[in-house]
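What follows is a short report on a single structure.
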Amino acid sequence: MGKPTGFMEYSREKAKEQPPLERIKNWKEYASRLTDEALQIQGARCMDCGTPFCHMGIEIRGTAAGCPINNVIPEWNDLVYKGKWKEALERLLLTNNFPEFTGRICPAPCEGSCTLAITDPAVAIKSIERTIIDKGFENGWIQPRMPKLRTGKKIAIIGSGPAGLAAADQLNQSGHSVTIYERADRAGGLLMYGIPNMKLEKDVVERRIQLLMEEGIEFVLNTEVGKDITAEQLKAEYDAIILCTGATKQRALHMEGSDSEGVHLAMDYLTSTSKSLLDSNFADGKYINTKGKDVIVIGGGDTGADCVATAIRQNCNSVVQFGKHPQLPVNRAADNLWPTDPHIYKLDYAYAETDEKYGKDPREYCIQTKKIVADKKGHVKELHTIQMNKVINDEGYAYFEEVPGTEKVWPAQHVFVAIGFEGVEHALPEQFGVKVTNNKIASVGKKYATNVDGVFTAGDARKGQSLIVWAIKEGRGVAESVNAFLTEYAAL
Ligand code: FAD
């Protein structure tokens with residue numbers, strides 16, 4: 001610990017952001033780096049507190065507390081304070097395969113657990129992480145690491161999201177030959193198609209994929225396992241298979257008018273926007289365009305916020321986001337109907353943008369959509385809603401009830417449904433003979449192994465919709481299990 005009094009001398013400084021009215025004119029990342037000097041000061045604020053909760057990585061009621069991949073944060077904070085960026089990078093890469101993703105868009109449970117945050121704002125850990133890895137690329141410290149030997153074992157990974165990529169990286173470095181199958185035309189899973197460009201620029205994702213390819217990982221794109229190639233074919237060809245297919249099944253809206261034209265699942269909207277941006281800078285017109293339209297986003301979570309920010313950049317006429325669907329679990333305080341988020345970084349960039357552009361927060365609390373009404377051509381024209389009231393019964397159980405007389409009609413030519421994900425798609429695990437429990441691929445016996453010998457699973461497919469940092473943890477964990485399996489198998 002370089003500066004014992006740093007936490008008393010210096011204040012927290014957060015990553016800089018482009019001003020909302022500027023950033024909505026483009027699709028570039030809205031957050032940028034602090035200066036090296038400012039980050040060294042942040043490093044000096046770390047107290048090396050003896051019990052560093054920041055790197056403990058536990059889960060409390062489904063929410064991460066501390067870093068799930070156990071980044072040894074006090075160590076690299078200290079190295080950054082001393083200006084030893086390369087050594088800090090070496091320390092960071094021991095636990096995190098892709099700090100360029102987490103350093104940009106992790107909600108930073110580490111900061112939520114920072115001991116300093118008991119009395120003062122947390123150390124700006126996420127900003128430090130991002131700059132360590134960015135400097136690694138800029139200074140040429142990140143170079144392809146070629147495995148020294150090859151074991152002759154072949155592994156297929158299905159799905160190229162952060163879980164599949166982390167597993168591939170670990171197993172490739174162990175000397176196995178890894179092939180990733182991906183049904184999309186680009187690798188990266190939700191990092192590529194899902195998370196909008198203004199949160200994570202796609203050349204950051206492509207740079208990592210390129211590096212993994214140079215290190216020997218093979219990517220087979222545009223290939224849906226289960227359709228274009230069967231489970232049996234893969235089982236015959238590979239020594240181990242890992243299902244990292246994500247929790248891609250979206251929860252649909254079933255109500256009068258929900259099949260009207262102009263009503264879309266959120267992921268169709270976000271994916272088509274990212275793809276058209278990358279393919280042609282929108283020249284192909286193959287995206288859902290809200291320019292000049294009234295937009296309603298149903299669903300108060302982060303996916304909904306990403307839809308709001310996307311619509312603003314397309315120059316929509318108005319945007320409103322309805323929170324709290326009464327059928328969803330009630331886990332929020334009476335005065336907070338948005339996802340409870342204990343972390344320092346809330347993904348609320350979209351709300352600041354709407355505030356400044358339209359002079360109003362887009363969020364409408366406790367609204368229940370009753371029906372969607374279409375025009376004569378079948379295109380959505382309005383939503384009929386009623387206000388809900390949260391009630392806590394005698395047993396302490398919360399539920400919602402309609403407030404009579406609060407019916408309202410909202411104009412809308414586009415509606416985006418962002419009410420969560422049901423979990424993994426069942427067809428592929430079924431083809432493998434793999435058990436699915438509660439819409440998650442069930443790991444049986446040893447963690448990450450399924451009921452089928454040689455078939456493993458990790459990421460959102462196993463855990464349910466989560467965070468990138470958890471997907472990386474899952475990828476690293478499954479790689480350990482597969483390594484153990486292949487070693488035992490080799491010894492037979
Ligand atoms: P995914 O990233 O979902 O990847 C699964 C891949 O499997 C996909 O590419 C899919 O095409 C492929 N696949 C599926 N079936 C097949 C098949 N049969 N054959 C071939 N390929 C197949 N987390 C954060 O930490 N910060 C954020 O800011 C954040 N923002 C988010 C925004 C949105 C809109 C969404 C939806 C999620 C966000 N998340 C965020 C969550 C995070 O992206 C996920 O938890 C993470 O990507 C899960 O990784 P994964 O590898 O398990 O699955």
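What's counted below: heavy atoms across the whole structure, side chains too, no hydrogens, waters or symmetry copies. One-based numbering, in listed order, for ligands and for the atoms of each. All values derive from a computational prediction rather than experimental measurement.
Salt bridge status for E138 with K135: absent, with no side-chain N to carboxylate O gap under 4.0 Å. The existence of a salt bridge linking K440 and E474 is excluded, since no basic side-chain nitrogen approaches an acidic carboxylate oxygen closer than 4.0 Å. With respect to R186 and D279, a salt bridge is recorded, a charged nitrogen being found less than 4.0 Å from a carboxylate O. Taking a cutoff of 4.0 Å between a charged side-chain nitrogen and a carboxylate oxygen, K14 and E111 do not qualify as a salt bridge.
Side-chain N/O atoms of N315 and K357 include a donor and acceptor closer than 3.5 Å.
The residue from R462, Q250, E182 that puts a heavy atom closest to atom 11 (O) of ligand 1 is E182. Across L243, L165, N222, T303, heavy-atom proximity to atom 34 (C) of ligand 1 is greatest for T303.
Considering backbone and side-chain atoms alike, T248 places every N or O at 3.5 Å or more from each N or O of ligand 1. Considering backbone and side-chain atoms together, I195 places no N or O closer than 3.5 Å to any N or O of ligand 1. Checked against a 3.5 angstrom limit, the closest N/O atoms of S160 and ligand 1 fall outside it. At under 3.5 Å, a nitrogen or oxygen of R183, whether backbone or side chain, sits near a nitrogen or oxygen of ligand 1.
Set against the non-hydrogen atoms of L467, the atoms of ligand 1 under 4.0 Å away are 23 (N), 24 (C), 25 (O), 45 (O). Close approach to G159 involves these atoms of ligand 1, each under 4.0 Å from a residue heavy atom: 6 (C), 7 (O), 12 (C). In the vicinity of M267, heavy-atom distances shorter than 4.0 Å reach the ligand 1 atoms 36 (C). Short contacts between ligand 1 and D460, defined as distances under 4.0 Å to a heavy atom of the residue, involve ligand atoms 44 (C), 45 (O), 46 (C), 48 (C), 52 (O).
A cation-pi geometry, defined here as NZ or CZ lying under 6.0 Å from the six-membered ring centre and within 45° of its normal, does not hold between R208 and F98.
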Do T102 and E129 pass the side-chain hydrogen bond (donor to acceptor under 3.5 Å, both in side chains) test, and can you show the C-alpha distance, the side-chain angles, and the key distance before you say yes or no?
-> CA-CA 8 Å; T102 49; E129 181 182 47; 3.3 Å; yes
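The line from CG of L212 to CZ of F219 is 5.0 Å long, rounded to the nearest 0.5 Å.
Distances shorter than 4.0 angstrom do not occur between any heavy atom of D302 and any atom of ligand 1. In this structure, L200 falls outside the shell of residues with a heavy atom less than 4.0 angstrom from ligand 1. Under the 4.0 angstrom criterion for non-hydrogen atoms, P162 is in contact with ligand 1. Residue contacts with ligand 1 include F421, since one of its heavy atoms falls under 4.0 Å from the ligand. A heavy-atom separation below 4.0 Å is not found between E474 and ligand 1.
Between F101 and the options V205, V469, I195, a side-chain contact (heavy atoms from CB on, under 4.5 Å) holds for only V205.
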